[in-house]
Amino acid sequence: MTGVVSRLADAVSQRLDPEEREAVWGDLEESGASATSRLCEVLGLVVRRQAEQWADWRPWLGLFGVAIPTGALLSFISRNWSDVMAIDSYVYATHWTSYIFRSPGARLDLVGVVLRFLMMSIALMGWAWSAGSALGSISRRTTWVSGAAFTILIFTATWGTTTVARVNPLSASVFTTSLGVVLPHVVRIDLVVLPALWGMRNGSRLPSLPRRSAIAWAVVIAALALWAAPGLAASFTFGRLPADYVWPGTRIFTKSRWPVWLLPSVLSWPAVYMVATSIRRVRFQRNR
Amino acid sequence: MLGEFEYLLISTAARLGEDAYGASIREELERLIGRRCSIGALYTTISRLEAKGLIATWMGGATRERGGRAKRMVRVTAQGRREAAGFYRAVTDASRGVSWQLGRQRSRL
């Protein structure tokens with residue numbers, strides 16, 4: 001038990017600066033504190049240090065300006081797109097025949113599906129990476145809090161809602177198979193959470209990209225949002241807003257009165273922030 | 001103006017002189033105020049005072065009883081001494097003519 005508490009205290013102390021950690025561990029060693037006491041003391045210091053960080057505006061910008069909006073949007077988008085991927089994969093897996101390669105039309109369909117998968121994957125990874133990178137850059141020391149909020153939202157923002165694919169009787173059975181159950185989690189972990197963590201790590205180490213890279217990245221991110229915008233509206237609204245469009249037998253789609261198509265632009269915010277910080281860095285270097 | 005705990009910490013560090021570091025300040029503070037002083041309160045106050053330029057800190061030597069870990073040494077700066085003197089003067093002035101008679105719930109001017 002003592003070993004577990006000591007390891008926990010050591011893990012908590014990793015949030016401290018190396019020099020402070022060294023001094024604090026030395027003080028606790030010198031005073032002969034028990035493992036539990038060490039954990040409480042270190043935890044108290046970490047909490048105070050974190051509270052100090054949140055007295056600044058940057059962590060709040062990271063949390064409410066990036067982590068929560070992009071986390072919620074990417075949760076809906078990844079769920080919707082993973083449903084599309086699950087249905088297409090299921091259809092090809094259960095109806096696979098060599099005819100698909102021999103028929104020009106079927107071959108073209110397959111190429112189209114693969115390209116769509118690729119674009120969806122690239123878009124999710126790009127958005128997640130830029131959100132993570134902005135979080136790391138905005139406030140390095142509080143990234144773990146905003147990153148945790150982002151990750152929790154990725155998995156929970158869609159609770160209580162559903163998708164067209166899941167209520168459509170023609171495709172609902174796909175989501176009772178292991179493919180339909182596992183794929184959304186795989187998509188969210190591999191294409192959203194991991195790229196976001198990578199971005200956070202990158203943003204913490206390199207607070208601003210070179211200006212040209214930042215602008216090019218912002219253009220790519222905005223283009224992906226524009227490409228995906230028409231389909232994304234359905235990802236965001238379904239199950240959340242009053243439905244006024246009825247699929248035979250069930251209400252499955254919503255038509256919002258507010259400009260839902262604007263929502264994908266939120267995914268470009270982190271990239272815009274990265275451009276702004278790179279321009280600011282160039283100006284700062286010129287003025288020195 | 002210093003806070004009460006800040007004043008106590010500066011005074012303790014000044015009294016300990018070259019032996020002022022995290023653990024020794026904490027031990028002395030606990031003896032003075034008669035209650036526990038958390039590491040969190042101590043180190044955040046040290047950082048705050050250093051940011052204000054009232055103390056200077058640096059990493060000092062390691063000893064065996066510390067498990068070979070370095071100390072965070074503390075020295076009160078000239079500005080810190082002035083601030084502490086100002087706080088002491090203010091408390092002394094405010095207390096002049098006041099006689100605190102504990103247990104009688106009454107003060108006399």
Side-chain angles (χ1 to χ4, degrees), chain A residues 1-60 139-145 148 204 207, chain B residues 3-6 8-9 12-13 15-76:
Chain A
M1 184 64 189
T2 304
V4 174
V5 176
S6 294
R7 276 200 293 277
L8 194 58
D10 190 48
V12 171
S13 74
Q14 297 299 317
R15 306 287 347 148
L16 299 171
D17 284 338
E19 283 194 346
E20 185 159 72
R21 189 166 64 241
E22 170 93 357
V24 166
W25 276 124
D27 287 356
L28 291 170
E29 183 77 31
E30 191 176 329
S31 63
S34 67
T36 311
S37 173
R38 286 175 194 217
L39 174 61
C40 292
E41 294 286 2
V42 170
L43 194 60
L45 180 56
V46 168
V47 168
R48 280 171 185 263
R49 289 291 186 216
Q50 273 299 311
E52 281 177 348
Q53 300 297 326
W54 289 84
D56 192 49
W57 56 271
R58 287 180 189 85
W60 298 103
S139 179
R140 184 172 60 85
R141 287 166 184 266
T142 57
T143 305
W144 69 282
V145 175
S204 300
Chain B
E4 173 204 341
F5 188 68
E6 290 175 333
L8 288 171
L9 198 153
T12 305
R15 185 166 48 256
L16 288 168
E18 289 184 357
D19 292 329
Y21 65 95
S24 66
I25 295 173
R26 185 176 175 224
E27 192 183 333
E28 184 68 4
L29 272 173
E30 286 182 344
R31 190 184 65 76
L32 278 172
I33 60 181
R35 58 189 159 89
R36 210 179 65 81
C37 167
S38 75
I39 289 268
L42 178 75
Y43 275 89
T44 49
T45 307
I46 286 176
S47 299
R48 193 166 60 246
L49 290 172
E50 189 172 28
K52 289 178 182 176
L54 306 182
I55 59 171
T57 73
W58 68 98
M59 295 306 284
T63 57
R64 190 180 291 171
E65 65 266 25
R66 294 176 60 80
R69 295 179 188 273
K71 299 170 179 172
R72 187 172 177 184
M73 307 301 296
V74 176
R75 178 176 57 78
V76 182

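Here is how names work: the chains are called A, B, and so on, in the same order as the sequence lines, proteins then strands, and each is numbered from 1. Values below: all heavy atoms of this structure, side chains included; hydrogens, waters and symmetry mates excluded.
Nearest heavy-atom pair, A:R48 versus B:S38, reported as atom, atom and distance to 0.1 Å: NH2-OG, 4.1 Å.
Using a 4.5 Å cut-off between non-hydrogen atoms, the part of residues 55-69 of chain B that approaches chain A consists of B:M59, B:E65, B:R66, B:G67, B:G68, B:R69. Close approach to chain B, defined as a heavy atom under 4.5 Å from one of its heavy atoms, is seen in A:E19, A:E20, A:E22, A:A23, A:V24, A:W25, A:G26, A:D27, A:L28, A:E29 of residues 18-29 of chain A, taken by number. Contacts with chain B (heavy atom to heavy atom, under 4.5 Å) involve these residues of residues 30-42 of chain A, listed by number: A:E30, A:S31, A:E41.
The candidate with the highest count of non-hydrogen atom pairs below 4.5 Å against chain A, out of B:K71, B:R26, B:E27, is B:R26.
Distance CZ/A:R49 to OH/B:Y43: 10.0 Å, rounded to 0.5 Å.
Sorted by first then second residue, the ring-ring contact (aromatic ring centres under 6.0 Å, His included) pairs that include residues 38-58 of chain A, not counting sequence neighbours, are A:W54-A:W60.
The number of heavy atoms from other shown groups lying within 6.0 Å of CD (A:Q14) is above 12.
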